[in-house]
Amino acid sequence: MTPKKNILGICGSASRNSGNLFLLKHLAGLGQAEFNMELIEDLTGLPHFQTELTENNVPEKIIALREKIDKADGVIICTPEYVFSIPSGLKNLIEWCVSTTIFSEKPVGLITASASGVKGHKELKLIMETIQGTFVEETTLLIQGIKGKVNTEGEITDQNTRNHLDKFLSAFVNLTTKK
């Protein structure tokens, strides 16, 4: 029997009741036979990025974050779009990783779930490509109009969205087995 993969789920939203967090929890449930998912739900506790601290005197929280990413068999980032971009907390997290190789050839799944999300999704893909995360088109997903597709209990109410998440997860699991 193949051991379960360890997946890190990162929620880019600054909202505690985010549809993005609900999506990650849904994926964790769907994939529980294949992997264990640890969630990073709150990025507000990370120190603000400082270039001078990327290699020397790295803050403990950043060392721990980098270790989680490094040890994960894959990473799923689920984020809204804020002002046509990715949220500042997610950008901050990624900036702390740029001087490392922890995302190099790391299987990543990229979900942007927002009102529109088009520009934020494009930016997220470009950033992950730049830091050499490994993804294919099937492991990226843009979910527009998320507020109308997830209820306040975190249930995905839109069948089409559930179908897209199933396909995304299948492609992501396949990507992690190629590693």
Side-chain angles (χ1 to χ4, degrees), residues 4-46 65 68-69 72-94 97 103 106-129 133-177:
K4 285 185 176 184
K5 299 282 185 177
N6 291 310
I7 304 302
L8 184 63
I10 300 172
C11 181
S13 179
S15 172
R16 300 232 184 254
N17 294 316
S18 167
N20 287 273
L21 181 56
F22 294 147
L23 292 173
L24 282 170
K25 288 179 178 181
H26 178 80
L27 290 171
L30 277 179
Q32 65 186 352
E34 301 280 339
F35 57 78
N36 297 311
M37 185 186 288
E38 178 181 357
L39 294 177
I40 297 177
E41 300 179 22
D42 184 4
L43 303 178
T44 60
L46 296 178
L65 169 72
K68 285 180 183 185
I69 294 169
D73 295 305
V75 176
I76 297 175
I77 298 173
C78 191
T79 185
E81 174 186 78
Y82 289 174
V83 195
F84 306 111
S85 185
I86 63 172
S88 62
L90 179 58
K91 182 78 161 72
N92 184 51
L93 178 152
I94 294 169
C97 300
F103 273 108
K106 177 75 64 182
V108 293
L110 307 173
I111 301 174
T112 304
S114 204
S116 172
V118 173
K119 292 183 185 257
H121 194 59
K122 183 177 178 182
E123 181 176 308
L124 180 60
K125 288 166 53 174
L126 176 62
I127 290 168
M128 294 312 294
E129 183 179 301
T134 300
F135 62 93
V136 294
E137 197 57 38
E138 293 79 15
T139 63
T140 70
L141 181 58
L142 173 61
I143 301 172
Q144 296 180 303
I146 188 63
K147 286 190 178 192
K149 296 176 179 176
V150 177
N151 67 22
T152 55
E153 288 80 41
E155 299 166 328
I156 299 167
T157 57
D158 179 65
Q159 183 61 47
N160 210 19
T161 299
R162 286 196 301 268
N163 293 343
H164 287 302
L165 287 168
D166 288 346
K167 289 177 187 172
F168 166 88
L169 191 60
S170 178
F172 179 74
V173 167
N174 186 45
L175 186 66
T176 64
T177 60

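Throughout, residue positions are numbered sequentially from 1 according to the sequence presented. Worth saying up front: this structure is predicted, and the values here are computed from it rather than measured.
Of the charged side-chain nitrogens involved, at least one lies within less than 4.0 Å of a carboxylate oxygen, so that Arg16 and Asp42 count as a salt-bridged pair. The existence of a salt bridge linking Glu81 and Lys119 is excluded, since no basic side-chain nitrogen approaches an acidic carboxylate oxygen closer than 4.0 Å.
Contacts classified as salt bridge (Lys or Arg N to Asp or Glu O under 4.0 Å) and involving residues 134-160 (residues at least two apart or in different chains) are given here: Lys125-Glu137. Residue pairs meeting the salt bridge (Lys or Arg N to Asp or Glu O under 4.0 Å) criterion with at least one partner in residues 22-33, sequence neighbours excluded, are absent.
Contact of the Leu39 side chain with the Leu21 side chain is registered, since non-hydrogen atoms from C-beta on lie closer than 4.5 Å. Within the 4.5 Å cutoff, side-chain heavy atoms of Val118 are placed close to those of Gln144. Proximity of Val108 to Thr139: side-chain heavy atoms (C-beta onward) are nowhere separated by under 4.5 Å. Contact of the Leu169 side chain with the Leu165 side chain is not registered, since no non-hydrogen atoms from C-beta on lie closer than 4.5 Å. Taking the side chain as every heavy atom from C-beta outward, Ile76 and Phe168 approach each other to under 4.5 Å.
Taking CG of Leu65 as the start and CG of Leu93 as the end, the distance is 4.5 Å to the nearest 0.5 Å. Taking CG of Leu126 as the start and NZ of Lys122 as the end, the distance is 8.5 Å to the nearest 0.5 Å. Atom CE of Met37 sits about 6.0 Å away from atom CG of Leu24, to the nearest 0.5 Å. Atom CD1 of Ile7 is separated from atom CZ of Phe172 by 4.0 Å, given to the nearest 0.5 angstrom. In this structure, OG in Ser88 is found 9.0 Å from CG in Leu43, a value given to the nearest 0.5 Å. Expressed to the nearest 0.5 Å, how far CG of Asn20 lies from CD1 of Ile146 amounts to 6.5 Å.
Although no hydrogens or angles enter the test, the distance criterion places no donor-acceptor pair under 3.5 Å between the side chain of Glu123 and the main chain of Ser85. Distance alone, capped at 3.5 Å, places no donor-acceptor pair between the Lys167 side chain and the Arg162 backbone. At least one donor-acceptor pair under 3.5 Å links the side chain of Asp73 to the backbone N or O of Asn6. Put simply, the side chain of Tyr82 never gets that close to the backbone of Ser13: no donor and acceptor are under 3.5 Å apart. At distances below 3.5 Å, not a single donor-acceptor pair connects side-chain atoms of Lys5 with backbone N or O atoms of Glu34.
Closest non-hydrogen pair, Thr79 versus Pro87, comes out as OG1-CD, 3.0 Å. When all heavy atoms of Phe22 and Asn17 are compared, the pair lying nearest together is CE1-O, 3.9 Å. Considering every non-hydrogen atom in both Ser18 and Cys11, the closest pair reads OG-SG, 4.2 Å. Pro107 and Thr176 make their closest contact through CB-CG2, 3.9 Å (heavy atoms, listed as atom of the first residue, atom of the second, distance). In this structure, Leu27 and Phe35 approach most closely via the heavy-atom pair O-CZ, 3.8 Å.
Each of Leu141, Ile77, Leu142, Ile127 was evaluated against Leu110; a single residue qualifies, Ile77, per the side-chain contact (heavy atoms from CB on, under 4.5 Å) test.
Remark: Lys4 NZ is packed, more than 12 non-hydrogen atoms of other residues, nucleotides or ligands lying under 6.0 Å away.
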